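Computed from a prediction, not measured in an experiment: that's the story for all the values here. Here, residue 1 is the first one in the sequence, and each next residue gets the next number.
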Amino acid sequence: MNISLAIPVIERKWIKGLLTTVRSNSVHPQEVLVVDNGVSTGNGVQDICEGFSDLNVRYLPQQTNRGVNASWNLAMSEAQCHILSILNDDLILPNNFFSLVLKTFQTYPDAGFVVPNTVNYPQQVKSHNSDPVVVTQLVREGWAFTIRRAGVEAIPTSLQVFFGDDWVFEQIRKRKLSTLKITNCYVYHYVGISQNVQKRKDLGLPSLEEDRGAWNAIQAQHNKA
C-alpha cells in the first residue's frame, strides 16, 4: 500500500519545515503534491520544492488563488495513490507519521478518514515504535487528514476556504467508512491562514460567514433530497 501527500501553500513561511519532517520519516509518500496558491512571481516555493527532489515533489503552481478547497480537489484528482494525506503547510510531523497512517489503513480495511492527535507545543511531537492506537473520530479535523480517495466526491466550488473538510468527512461517513484518530501519533499545528482574517481579505478570499452561507445552502439541498 502506497500513499500520496498533498500540501496547499499560500506563502513560503512554513513549507520547508514541513518537507524536512516529511523527509525525516521512516516511510516516505510515493509523491508529494505541492499546490502553490501564492500566485506571486518569485515567492520561493518552487525553489524550496526543488531542494526536496528526493521526495518526488510535484510542484503545481496556480495562476490565481483557487482557495484551499479547490487545491484539495486538484490534489484528489492528480494523486496517483488511493490513500491521500492532505496536510496544512504549517505542521510538524513525527518521523513515524506515514508509517502509523498506512498501518491504520492496512489494519482497518473500512478506514476512510484518519487524523493524528494534535498537540499544543512543538516539543510534544514524538515518535513511538508501536502499532497505531485508534479511536473513532466523531468530528472532522481539517489540518491533517488522510482519506481513501474512492470515498470522496469533489468539494463544491462554492466552498473556498472553510467547510471543505466537513464535506469530505460527510462523504466518508455516508459511505459507511470509519473515521479514526491515531491517539499515539502526535502532530503540532501552527495557526494557519484560515484563522487570519486580514490575510484572507488581502487575498480576496471569502469570510467565514460567506463560506458558512454556502455550506448551509449545500446542507439544505441535501435535506430536501
Side-chain angles (χ1 to χ4, degrees), residues 3-25 28-29 32-40 43-49 51-52 55 57 59-62 65-72 75 84-98 100-101 113-128 137 139-147 159-166 168-169 181-208 211:
I3 188 169
S4 295
L5 168 61
I7 310 170
V9 178
I10 198 67
E11 56 186 354
R12 61 175 291 165
K13 184 174 182 179
W14 293 294
I15 183 64
K16 184 176 181 179
L18 174 56
L19 290 175
T20 298
T21 66
V22 173
R23 175 184 275 164
S24 70
N25 260 250
H28 288 168
V32 179
L33 309 174
V34 175
V35 183
D36 185 1
N37 278 321
V39 303
S40 59
N43 65 356
V45 174
Q46 182 174 10
D47 293 340
I48 293 171
C49 290
F52 291 87
L55 294 179
V57 175
Y59 177 70
L60 304 174
Q62 305 305 295
N65 183 8
R66 300 160 55 93
V68 66
N69 294 329
S71 297
W72 291 352
L84 173 64
S85 275
I86 300 179
L87 305 183
N88 280 29
D89 62 0
D90 55 345
L91 297 174
I92 297 177
L93 306 177
N95 61 24
N96 63 342
F97 176 82
F98 295 105
L100 287 173
V101 168
F113 187 98
V114 174
V115 295
N117 188 28
T118 306
V119 295
N120 295 323
Y121 302 99
Q123 58 268 31
Q124 292 177 314
V125 174
K126 51 189 175 181
S127 300
H128 295 278
Q137 177 72 7
V139 296
R140 68 101 182 99
E141 291 184 8
W143 46 89
F145 62 95
T146 302
I147 59 172
L159 303 175
Q160 294 187 47
V161 179
F162 303 97
F163 302 105
D165 42 12
D166 295 87
V168 172
F169 190 77
K181 171 174 278 191
I182 310 174
T183 61
N184 59 334
C185 181
Y186 302 95
V187 169
Y188 176 71
H189 178 223
Y190 294 97
V191 176
I193 184 66
S194 66
Q195 304 301 318
N196 189 325
V197 175
Q198 186 57 52
K199 186 70 172 178
R200 289 201 310 273
K201 287 181 179 179
D202 294 343
L203 294 168
L205 295 171
S207 66
L208 171 61
D211 248 18

Q: Looking at every non-hydrogen atom in both residues, tell me the closest pair between L100 and N184 and how far apart they are.
A: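 What the structure gives for the nearest pair is CD1-O, 3.8 Å.
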
Q: Return the OG1 to CD1 distance between T146 and I3, rounded to the nearest 0.5 Å.
A: 5.0 Å

Q: Quick one: closest heavy-atom pair of N96 and K126, and the distance?
A: OD1-O, 4.4 Å

Q: Quick one: does N25's side chain have a donor or acceptor within less than 3.5 Å of a partner on F97's backbone?
A: yes

Q: Does L60 offer a backbone N or O that forms a donor-acceptor pair with the side chain of Q62 under 3.5 Å?
A: yes

Q: Could you tell me which non-hydrogen atom of P116 sits nearest to which non-hydrogen atom of A144, and how far apart they are?
A: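 Heavy-atom minimum between the residues: CD-O, 3.0 Å.
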
Q: Between L18 and L91, what is the shortest heavy-atom contact and its length?
A: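 Looks like CD1-O, 3.7 Å.
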
Q: Roughly how far apart are L84 CG and L33 CG, rounded to 0.5 Å?
A: 7.0 Å

Q: Could you please spell out the steps behind the side chain to side chain contact (heavy atoms under 4.5 Å, CB included) verdict for L93 and L87?
A: CA-CA 10 Å; L93 306 177; L87 305 183; 3.9 Å; yes

Q: Output yes when a side-chain donor or acceptor of H189 lies under 3.5 Å from a complementary backbone atom of D90, and no otherwise.
A: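 No, H189 side chain to D90 backbone: no donor-acceptor pair under 3.5 Å.
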
Q: For V32 and F52, run side chain to side chain contact (heavy atoms under 4.5 Å, CB included): C-alpha distance rounded to whole Å, both residues' side-chain angles, the deciding distance at 0.1 Å, then the answer.
A: CA-CA 10 Å; V32 179; F52 291 87; over 6 Å; no

Q: If the plane angle is over 60° it's perpendicular, under 30° parallel, otherwise tilted; pick one for F113 and F169.
A: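 Aromatic pair F113/F169 classed perpendicular.
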
Q: Can you tell me how far CD1 of I7 sits from OG of S71, rounded to the nearest 0.5 angstrom?
A: 12.0 Å

Q: For the CD atom of E11 and the CG atom of N37, what is their distance to the nearest 0.5 Å?
A: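 The CG atom of N37 is 12.0 Å from CD of E11, to the nearest 0.5 Å.
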
Q: What residues, two or more places apart in sequence or in another chain, satisfy side chain to side chain contact (heavy atoms under 4.5 Å, CB included) together with P61?
A: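 P61 satisfies side chain to side chain contact (heavy atoms under 4.5 Å, CB included) with Y59 once adjacent residues are dropped.
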
Q: Which heavy atom of P122 sits nearest to which heavy atom of I92, and what is that distance?
A: CB-CD1, 3.9 Å

Q: Of T118, D89, N88, which meets side-chain hydrogen bond (donor to acceptor under 3.5 Å, both in side chains) against W143?
A: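 So the option named by the test is T118.
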
Q: Any idea which heavy atoms bring I86 and W72 closest together, and the distance?
A: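 The pair with the smallest heavy-atom distance is CG2-NE1, 3.1 Å.
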
Q: Is N117 reaching over with its side chain to a backbone N or O of V187, donor-acceptor style, under 3.5 angstrom?
A: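 Not a single qualifying donor-acceptor pair exists.
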
Q: Supply the atom-to-atom distance D165 CG to R140 CZ, rounded to the nearest 0.5 angstrom.
A: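 Going from the CG atom of D165 to the CZ atom of R140 covers 4.0 Å.
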
